[in-house]
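Below, read A as the first sequence line, B as the second, and so on, with proteins coming before strands; counting in each chain starts at 1.
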There are 2 protein chains.
Amino acid sequence: MEIVERLTQFGLTRHEAVIYLTLLAEGDLNGYEVAKTTGISRSNAYTSLASLVEKGGAYVIEEATIRYTPVAISEFCDNKIRKLQAARQELIDTIPRKRDTVEGYITIKGEGNILNKLRNMILEARERVYISVPGQILETVTPDIKAAVDRGIKMVIITNGAWVLSGTIIHRSDQPLQQIRLIADSTNVLTGDINNGEYSTCLYSRKQNLVDLFKDAMKNEIKLIEMTKGNQ
Amino acid sequence: MEIVERLTQFGLTRHEAVIYLTLLAEGDLNGYEVAKTTGISRSNAYTSLASLVEKGGAYVIEEATIRYTPVAISEFCDNKIRKLQAARQELIDTIPRKRDTVEGYITIKGEGNILNKLRNMILEARERVYISVPGQILETVTPDIKAAVDRGIKMVIITNGAWVLSGTIIHRSDQPLQQIRLIADSTNVLTGDINNGEYSTCLYSRKQNLVDLFKDAMKNEIKLIEMTKGNQ
DNA sequence: TTATAGTGTTCCTACTTAGTAAGTCTACAC
DNA sequence: GTGTAGACTTACTAAGTAGGAACACTATAA
């Protein structure tokens, strides 16, 4: 992802992002210099600088001329994240509590949303997690698995490839894994495909019949892996 | 701040936020019900629902009719914050390093930006911090001061009011504090007013002459407090 | 069989807001 | 003449808001 696009995730417009990067690269500049260097017209440059300052991406140095200095990127991002964390707490405190719903079969679409759900299931697990995913997905969620292990969650993992993490129980499958499967605490299950980008689709459910079905299926999968391993 | 506005901070449009809140309050609904309940026209309701699902604010339940279930607010916010933390790391790794600048006198405007700077100075302090602020500002930054104390930073505080935190050295002033002052590690200083909302203005500098000036001034202020305390 | 309600999708018009793009004018300093 | 700053203007694009029409299908009641 391009740097400008990442900066827009933190609330900057394209112009503001371009100006911010220019300040980082060129050092402190005044408004006239910013306009010249970036090619943004002077009126727009001054407007965007004012907005960048208001958003906390730059500070003003009032000397013979008014110059602008960029805020360090880690500081700028931390400020934004901190603000969202505060908003998060305020939302949790004030938002209407979710009405109890009849749990059914929830469809989760898009690789990003599926990864989020997968990670949240690991995060909220209390006792044990069975997970069957390709190695590259494991790479992505390694920090979450590590954190789960650290708090005493039993992690049983079926995967292909060479991924390893101490404290986990790993069963290696020779066959490519076409689907992901995850069971957390024998109460909720996630399954489906995740290699179709935004078209990936998974099913999430807390239905006990589905959970039981998947538990049996994964136990059998593990038995098969152990049997074929014994023969090698 | 209103709930809808807080939700827009997490990337939802007003319609999406209204629909999300309706799902929380009413439980799982289909698109037709969402349109009826919210007053949003059906075409817009379906469009906004699709976008809300894409943004990870709701999941689809595919039954006799397609219903939508809201994602828990803490989960939704955590997902967004986690994404920004990842973008933060990617920015830090790829953004051009800030060109060394001649440190001058930086003007920081707006209460939010000033609070951010104040907190970042405490966060990055290595040895000691002298801070002189009104009590209500201290309330705001108590977690940051606590964290600094926990990592062994010497916190010397001049304030009014009854604020207290174990591990800090507090000098109470009888007079109202019109300005804030902070010196971190004898290397950087922040001073100015913060009770004017977005019109608040502070000065930040690493200039040694200004730092020395403020050190002397705060030492004298502490001496005066101690002397008047002795007389009481 | 007919009428009505429910459900979902696609396409349309129209207004508002924000961002992008660029310019003019005034004023001052060097 | 160049540099610097600010205020104001015009104009286009994109996204969000607001609402509707049309089509197709299903379910239910009379």
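- Between the P atom of C:dT7 and the CG atom of B:Leu29 lies a distance of 10 Å, rounded to the nearest Å.
- OP1 or OP2 of D:dA18 lies within a sub-4.0 Å distance of a side-chain N or O belonging to B:His15.
- Residue A:Arg14 qualifies as open at atom CZ: its count of foreign heavy atoms under 6.0 Å is 12 or below.
- Using a 4.0 Å heavy-atom cutoff across all strands shown, A:Thr13 reaches sugar-phosphate atoms only and no base atom.
- We find that CD of B:Glu5 is positioned 16 Å from P of C:dT17, with the value rounded to whole Å.
- Between the P atom of D:dG3 and the CD atom of A:Glu33 lies a distance of 10 Å, rounded to the nearest Å.
- Using a 4.0 Å cut-off, some side-chain N or O of B:Tyr32 falls inside it from OP1 or OP2 of C:dG6.
- The residue A:Thr65 sits close only to the backbone: its heavy atoms come under 4.0 Å of sugar-phosphate atoms, none of a base.
- If you measure from atom CZ of A:Arg42 to atom P of C:dC25, you get 13 Å, rounded to the nearest angstrom.
- A salt bridge links A:Arg181 with A:Glu221: at least one charged nitrogen is closer than 4.0 Å to a carboxylate oxygen.
- When each of B:Asp144, B:Val141, B:Asn120, B:Ile108 is tested with B:Leu115 by the rule side chain to side chain contact (heavy atoms under 4.5 Å, CB included), just one qualifies, namely B:Val141.
- In this structure, a donor-acceptor pair under 3.5 Å is absent between the side chains of A:Glu26 and A:Thr37.
- If you take CD of B:Glu63 and P of C:dG6, they are 19 Å apart, rounded to a whole angstrom.
- Atom OH of B:Tyr68 and atom P of C:dG8 are 7 Å apart (whole Å).
- When rounded to the nearest whole Å, the span between NZ of A:Lys36 and C1' of D:dG3 equals 8 Å.
- The residue B:Ile40 sits apart from the nucleic acid: no heavy atom pair falls under 4.0 Å.
- Residue-level contact check: A:Arg14 touches the backbone only, with heavy atoms under 4.0 Å from sugar-phosphate atoms and none from bases.
- Atom pair A:Leu49:CG and C:dT20:P shows a separation of 13 Å (rounding to whole Å applied).
- Among the heavy atoms of the strands lying under 4.0 Å from B:Asn44 is at least one base atom, whether or not backbone atoms are also near.
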inquiry  = Working note: A:Lys80 + A:Lys55, criterion side-chain contact (heavy atoms from CB on, under 4.5 Å); need CA distance, chi angles, decisive distance, verdict.
reply    = CA-CA 9 Å; A:Lys80 174 73 176 182; A:Lys55 291 176 180 176; over 6 Å; no
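- Residue A:Tyr46 has no polar side-chain atom (N or O) positioned under 4.0 Å from OP1 or OP2 of D:dG6.
- Heavy atoms of B:Ser43 sit under 4.0 angstrom from at least one base atom.
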